[in-house]
Participant: 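Sharing a structure here in structure tokens format.
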Protein chains: 2
Amino acid sequence: MRPEDAAAIRDLPLFSDAQEETFGDLVRAGFLQRFPPGVVLINERDPADFLHVVVEGLVEMFATGSGRDTTISIVRPVGTFILAAVLNDQVYLQSARTLEKSQVLMIPAERVRVALGTDPAFARAVVTELARGYRRAIKEVKNQKLRTGAERLSNWLLKEDVAQGASGVVNLGFEKRVLSSLLGMTPENLSRAFSTLREHGVTIHGAQMRLTDRQALARLAQPDPLIDSDE
Amino acid sequence: MRPEDAAAIRDLPLFSDAQEETFGDLVRAGFLQRFPPGVVLINERDPADFLHVVVEGLVEMFATGSGRDTTISIVRPVGTFILAAVLNDQVYLQSARTLEKSQVLMIPAERVRVALGTDPAFARAVVTELARGYRRAIKEVKNQKLRTGAERLSNWLLKEDVAQGASGVVNLGFEKRVLSSLLGMTPENLSRAFSTLREHGVTIHGAQMRLTDRQALARLAQPDPLIDSDE
DNA sequence: CGCGAGATTGATGGTAATCAACGAACGTGG
DNA sequence: CCACGTTCGTTGATTACCATCAATCTCGCG
């Protein structure tokens with residue numbers, strides 16, 4: 001692992017307060033692996049053997065059921081996934097696949113559970129991280145149950161614009177089909193939703209989306225911090 | 001508080017492993033309050049001042065947005081709510097209202113956060129409980145994104161039947177409009193979904209629902225432990 | 001240049017929300 | 001005890017939203 005990667009992981013909210021020894025143990029016990037795009041890293045229903053940290057690349061969390069499948073979230077560097085399954089020693093509820101060439105640190109679940117008992121600061125960080133994930137999931141339920149597809153898209157655009165520097169230009173880092181699944185709609189409907197948003201100042205150029213009138217878009221989206229904020 | 005109520009709270013997964021002192025502190029610091037039906041206990045957007053424990057009665061967690069509102073969950077005795085907001089000292093994402101005459105123990109948030117630092121067993125239980133809530137929420141996202149309304153209703157019926165003793169008779173403990181909102185549909189659509197389920201062995205008599213052919217219902221519902229199981 | 005995957009557009013059907021009316025159940029007050 | 005009113009649930013008609021199927025288009029790449 002490159003020193004700057006180790007430093008980035010150390011700076012994660014989950015690890016930043018942990019004792020040096022705890023952090024060292026976890027990272028030393030972990031495997032840093034490289035994967036090409038499109039590789040399935042974990043499968044729902046499998047027992048949770050590793051906590052995963054995306055060091056580089058892009059990972060899609062998805063789930064299947066009733067003959068359909070849906071994207072639950074996109075994990076960027078440096079983010080972790082399936083912490084909850086690891087802690088309670090349960091099976092994964094979601095599957096994960098790489099969207100790009102990626103580098104993933106895999107930490108044995110048992111080590112994480114041990115660290116939880118030996119390092120109170122780490123335990124506190126785990127609580128914070130879990131609570132954050134819990135709240136994110138509740139927000140997603142609200143997003144799905146309270147909004148139409150076009151509203152979800154509008155709010156996603158506004159949020160992503162801010163995340164990318166509020167320049168009014170949003171670059172989609174993955175395929176539109178993935179975005180449509182993340183937003184809970186079909187690719188066809190996403191395409192139509194984009195057409196609708198043209199009248200509200202959204203223009204598409206391939207994977208690049210321009211927001212020319214963010215106020216108009218916000219009027220349509222009606223963003224709500226209790227759904228859209230990351231905190 | 002009646003001794004049997006205290007004992008029931010003590011037996012909660014969240015408290016059962018805690019030190020006697022921790023538990024005593026939390027309960028002594030708490031207020032046990034009685035509320036008539038229809039009272040709003042907490043409002044989304046308000047800072048999280050108390051951890052709530054439903055000792056008796058029934059509480060609906062709900063949320064608003066985009067001019068609509070939706071039921072997120074129903075909390076029965078003895079269950080807790082808004083643990084995540086309390087731990088991270090944030091605002092509530094959900095509101096709560098009593099559906100029946102209820103008795104609720106309110107524990108000051110600050111005490112909970114302190115106990116987290118002084119009692120490792122309690123901290124471990126909090127982690128387990130949070131992870132459980134997180135996974136429940138992810139399951140609910142899957143339920144919403146992967147299933148139709150009739151499928152959600154069928155699975156709810158099957159699960160509730162088991163919870164009530166697998167007698168094939170399910171008693172709805174609250175209004176149908178609440179159930180419809182919990183399932184993410186309108187009251188009208190719930191009514192129509194029930195009609196559809198008649199052909200699959202479901203008959204309605206007021207608030208009592210009979211499942212006369214659970215196999216047929218299961219064929220329609222296609223229950224999935226990764227969505228429907230409580231664990 | 002031609003292929004193929006992804007994206008778009010069109011046509012259609014299904015699922016769900018909305019609006020409106022009616023009916024059943026319950027509680028209250030006469 | 002009954003009449004009335006309110007609330008909840010159901011049913012019907014209509015509209016909006018979304019999924020599906022099919023065809024075409026775009027673009028990157030061999």
Participant: Expressed in angstrom and rounded to an integer, what is the separation of B/Leu183 atom CG from C/dA17 atom P?
Facilitator: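 That distance rounds to 11 Å.
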Participant: Does the side chain of B/Thr71 pick up a donor-acceptor pair with the side chain of B/Glu60 at under 3.5 Å?
Facilitator: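 Side-chain D/A pair, B/Thr71 to B/Glu60: present.
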Participant: In whole Å, I'd like the distance from the CD1 atom of A/Ile204 to the P atom of C/dT9.
Facilitator: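 Rounded to whole Å, this separation is 11 Å.
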Participant: Write down the distance between NE2 (B/His205) and P (C/dA24), rounded to a whole number of angstrom.
Facilitator: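 Nearest whole value for this atom pair: 16 Å.
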Participant: Find the distance B/Phe174:CZ to D/dT7:C1' and express it as a whole number of Å.
Facilitator: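 Value for this atom pair: 18 Å.
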Participant: Is it true that a side-chain atom of B/Arg214 and a backbone atom of B/Ala166 form a donor plus acceptor pair closer than 3.5 Å?
Facilitator: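 Confirmed, B/Arg214 side chain pairs with B/Ala166 backbone.
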Participant: If the test is salt bridge (Lys or Arg N to Asp or Glu O under 4.0 Å), which one of B/Arg34, B/Lys101, B/Arg2 qualifies with B/Glu56?
Facilitator: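 It is B/Arg2; the other options fail the test.
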Participant: Any side-chain to backbone donor/acceptor pair from B/Gln144 onto A/Val141? Under 3.5 Å, distance only.
Facilitator: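 No.
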Participant: How long is the line joining CZ of B/Arg177 and C1' of D/dT10, in whole Å?
Facilitator: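 Checked: the CZ to C1' distance equals 13 Å.
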Participant: May I have the distance from B/Leu146 (atom CG) to D/dA19 (atom C1'), rounded to whole angstrom?
Facilitator: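 My rounded result for the distance is 14 Å.
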Participant: Can you tell me if A/Ser102 uses its side chain to pair, donor with acceptor, with the backbone of A/Phe35 under 3.5 Å?
Facilitator: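 No: the side chain of A/Ser102 does not pair with the backbone of A/Phe35.
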Participant: May I have the step-by-step check of salt bridge (charged side-chain N to carboxylate O under 4.0 Å, His left out) for B/Glu160 and B/Arg76, ending in yes or no?
Facilitator: CA-CA 13 Å; B/Glu160 192 63 18; B/Arg76 301 178 152 95; 3.1 Å; yes
Participant: Just how far, in rounded Å, is C1' of C/dA7 from CE of A/Met209?
Facilitator: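 The distance from CE of A/Met209 to C1' of C/dA7 comes to 13 Å, rounded to the nearest Å.
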Participant: Please produce a list of atom pairs where a protein N or O lies less than 3.5 Å from an N or O of nucleotides 2-4 of chain C.
Facilitator:
none

Participant: Taking B/Lys145 for the side chain and A/Ser181 for the main chain, is one N or O donor matched with an acceptor at less than 3.5 Å?
Facilitator: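 Present.
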Participant: Calculate the interatomic distance between B/Arg68 atom CZ and C/dA16 atom C1'; express it in whole Å.
Facilitator: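 From B/Arg68 CZ to C/dA16 C1': 12 Å.
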Participant: With sugar-phosphate meaning primed atoms plus P, OP1 and OP2, does A/Gly149 contact a base, only sugar-phosphate, or nothing at under 4.0 Å between heavy atoms?
Facilitator: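 Sugar-phosphate contact only - A/Gly149 comes under 4.0 Å of backbone atoms but never of a base.
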Participant: For atom CZ of B/Arg198, is the number of surrounding heavy atoms from other residues, nucleotides or ligands below 6.0 Å larger than 12?
Facilitator: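 No.
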Participant: Residues of residues 186-203 of chain A with any non-hydrogen atom less than 4.0 angstrom from an atom of DNA chain C: list those, numerically ordered, please.
Facilitator: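 Nucleic-acid contacts, sorted: A/Glu188, A/Ser191, A/Arg192, A/Ser195.
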Participant: What I want to find out is whether A/Arg147 reaches A/Asp228 closely enough, with some N-O distance under 4.0 Å, to be called a salt bridge.
Facilitator: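 Looking at A/Arg147 and A/Asp228, the cut-off is met.
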